[in-house]
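All remarks here apply to the structure that follows.
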Amino acid sequence: MASLTSWFWFLHKEVVLLLLLLYVAAAASSDGPPRRCYNTIYSFGDSLADTGNLYYDPNIDSVPPKQILVLNPPYGETFFHHPTGRWSNGRVIIDFIAEEMGIPLLQPYLGIKNKKIKDWKATEGVNFAVGGATALTSRFQCDQGIVNINNIVTNYTLPVQLHWFIHEFLPFIHNSSHL
């Protein structure tokens with residue numbers, strides 16, 4: 001009897017969760033204007049979220065030729081009609097998230113840092129993601145024998161992206177008129 005009671009309780013929780021998810025999905029897909037609980041996105045990650053940091057990389061000459069392909073067609077052809085440094089022929093997932101939230105598409109941090117992007121506002125958010133980034137540092141991966149130093153595609157790991165955000169970007173917007 002105890003197992004039947006626990007099974008019923010489990011089923012009951014699953015039904016309540018399913019109904020809650022359906023309600024949230026229905027509310028999110030309404031035809032009204034997008035709801036803005038948040039007005040800024042700071043994105044970290046790899047090629048799934050990179051909006052063009054490689055394109056603005058000051059060390060582009062040291063990037064392996066196979067990665068430079070992202071700077072040439074067919075990348076970007078579908079939506080932007082030219083390469084943008086996104087690892088897609090159109091938009092990447094963070095573009096769709098920003099669009100759904102009613103936020104402008106995120107600008108790549110390296111473009112802002114190198115003053116190549118001039119029409120950016122800090123309230124729009126920033127993308128720190130870089131294609132090929134990993135969660136673990138390159139040194140750790142080499143020390144553990146995971147990769148060979150000659151096979152490292154990019155050194156823009158998650159710790160590097162967090163460093164940009166904490167030590168470069170936050171002081172920049174705090175000490176400037178970008179807000």
Side-chain angles (χ1 to χ4, degrees), residues 34 38-173 176 178-179:
Y38 302 98
N39 57 12
T40 305
I41 299 173
Y42 298 105
S43 176
F44 305 89
D46 59 8
S47 59
L48 296 174
D50 185 359
T51 59
N53 276 304
L54 181 63
Y55 186 82
Y56 294 103
D57 185 347
N59 303 314
I60 194 68
D61 296 333
S62 66
V63 175
K66 66 182 177 184
Q67 273 205 337
I68 297 177
L69 292 175
V70 75
L71 304 178
N72 300 298
Y75 292 97
E77 283 185 346
T78 302
F79 187 79
F80 299 99
H81 309 295
H82 60 86
T84 62
R86 285 168 170 81
W87 293 81
S88 167
N89 71 345
R91 295 172 285 178
V92 291
I93 192 68
I94 197 68
D95 294 326
F96 291 102
I97 293 170
E99 183 179 29
E100 183 62 30
M101 292 175 62
I103 298 172
L105 299 182
L106 299 181
Q107 297 294 331
Y109 174 68
L110 291 178
I112 296 165
K113 178 181 176 181
N114 298 327
K115 298 178 177 42
K116 303 275 182 167
I117 296 175
K118 303 195 185 316
D119 60 344
W120 167 81
K121 296 175 190 72
T123 55
E124 297 174 354
V126 177
N127 191 304
F128 296 92
V130 181
T134 60
L136 303 173
T137 65
S138 302
R139 175 181 288 296
F140 178 82
Q141 292 179 58
C142 290
D143 290 348
Q144 298 300 312
I146 298 170
V147 297
N148 181 312
I149 191 72
N150 299 322
N151 294 336
I152 294 177
V153 178
T154 180
N155 198 28
Y156 295 131
T157 61
L158 185 57
V160 169
Q161 295 172 36
L162 291 172
H163 175 84
W164 289 343
F165 179 69
I166 295 167
H167 298 288
E168 296 177 14
F169 178 73
L170 289 180
F172 169 73
I173 61 170
S176 71
H178 287 282
L179 294 177

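Quantities reported herein were computed from a predicted structural model and do not represent experimental measurements. Nothing fancy with the numbering, it's 1 onward along the sequence.
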Exercise. Got a donor-acceptor contact below 3.5 angstrom from the N89 side chain to the T78 backbone?
Worked result: no
Exercise. When rounded to the nearest 0.5 angstrom, what distance separates CE in M101 from CG in N39?
Worked result: 8.0 Å
For this session: Would you name the heavy atoms of G45 and A133 that are closest together and state the gap between them?
Result: O-CB, 3.4 Å
Seminar exercise, completed: All heavy atoms of I166 vs all of L170, minimum pair found to be O-CB, 3.9 Å
Exercise. Do side-chain atoms of W120 reach the backbone of G125 as a donor and acceptor pair under 3.5 angstrom?
Worked result: yes
For this session: Classify the angle between the aromatic ring planes of F165 and F169 as parallel (below 30°), tilted (30 to 60°) or perpendicular (above 60°).
Result: parallel
For this session: Can you establish whether the number of heavy atoms outside Y55 located under 6.0 Å from its atom OH is more than 12?
Result: no
Exercise. Nearest heavy-atom pair of A49 and S43: which atoms, and what distance?
Worked result: CB-OG, 3.6 Å
For this session: Show your reasoning for whether side-chain contact (heavy atoms from CB on, under 4.5 Å) applies to D50 and V92.
Result: CA-CA 7 Å; D50 185 359; V92 291; over 6 Å; no
Problem set entry | Point-to-point distance, once rounded to the nearest 0.5 Å, from CZ of F128 to CG of L158 | 11.5 Å
Exercise. Do you know which two heavy atoms are closest between G52 and P108, and how far apart they sit?
Worked result: C-CB, 3.7 Å
For this session: Would you give the length of the straight line joining atom CH2 of W164 to atom CD1 of I112, rounded to the nearest 0.5 angstrom?
Result: 11.5 Å
Problem set entry | N53 side chain vs N127 backbone, donor-acceptor pair below 3.5 Å | yes
For this session: Could you grab the distance from atom CG of D95 to atom CD1 of I103, nearest 0.5 Å is fine?
Result: 12.0 Å
Exercise. Closest approach of P104 and A98, non-hydrogen atoms and distance?
Worked result: O-CB, 3.9 Å
Problem set entry | Trace of the side-chain contact (heavy atoms from CB on, under 4.5 Å) decision for I117 with D119 | CA-CA 6 Å; I117 296 175; D119 60 344; 3.7 Å; yes
Problem set entry | Verdict with supporting geometry, D46 and W87, side-chain contact (heavy atoms from CB on, under 4.5 Å) | CA-CA 9 Å; D46 59 8; W87 293 81; over 6 Å; no
Exercise. For the side chain of Q161 and the backbone of Y156, is there at least one donor-acceptor N/O pair under 3.5 Å apart?
Worked result: yes
Exercise. Is there a donor-acceptor pair under 3.5 Å between the side chain of T40 and the backbone N or O of T123?
Worked result: yes
For this session: First locate atom OG1 of T157, then atom CZ of F44, and finally report the distance between them rounded to the nearest 0.5 Å.
Result: 12.5 Å
Exercise. CD1/I97 to CD1/I94 distance, rounded to the nearest 0.5 angstrom?
Worked result: 4.5 Å
For this session: Give a yes-or-no answer on whether the side chains of S88 and R86 include a donor-acceptor pair shorter than 3.5 Å.
Result: no
For this session: Evaluate side-chain contact (heavy atoms from CB on, under 4.5 Å) for T51 paired with L105, printing each intermediate quantity in order.
Result: CA-CA 9 Å; T51 59; L105 299 182; over 6 Å; no
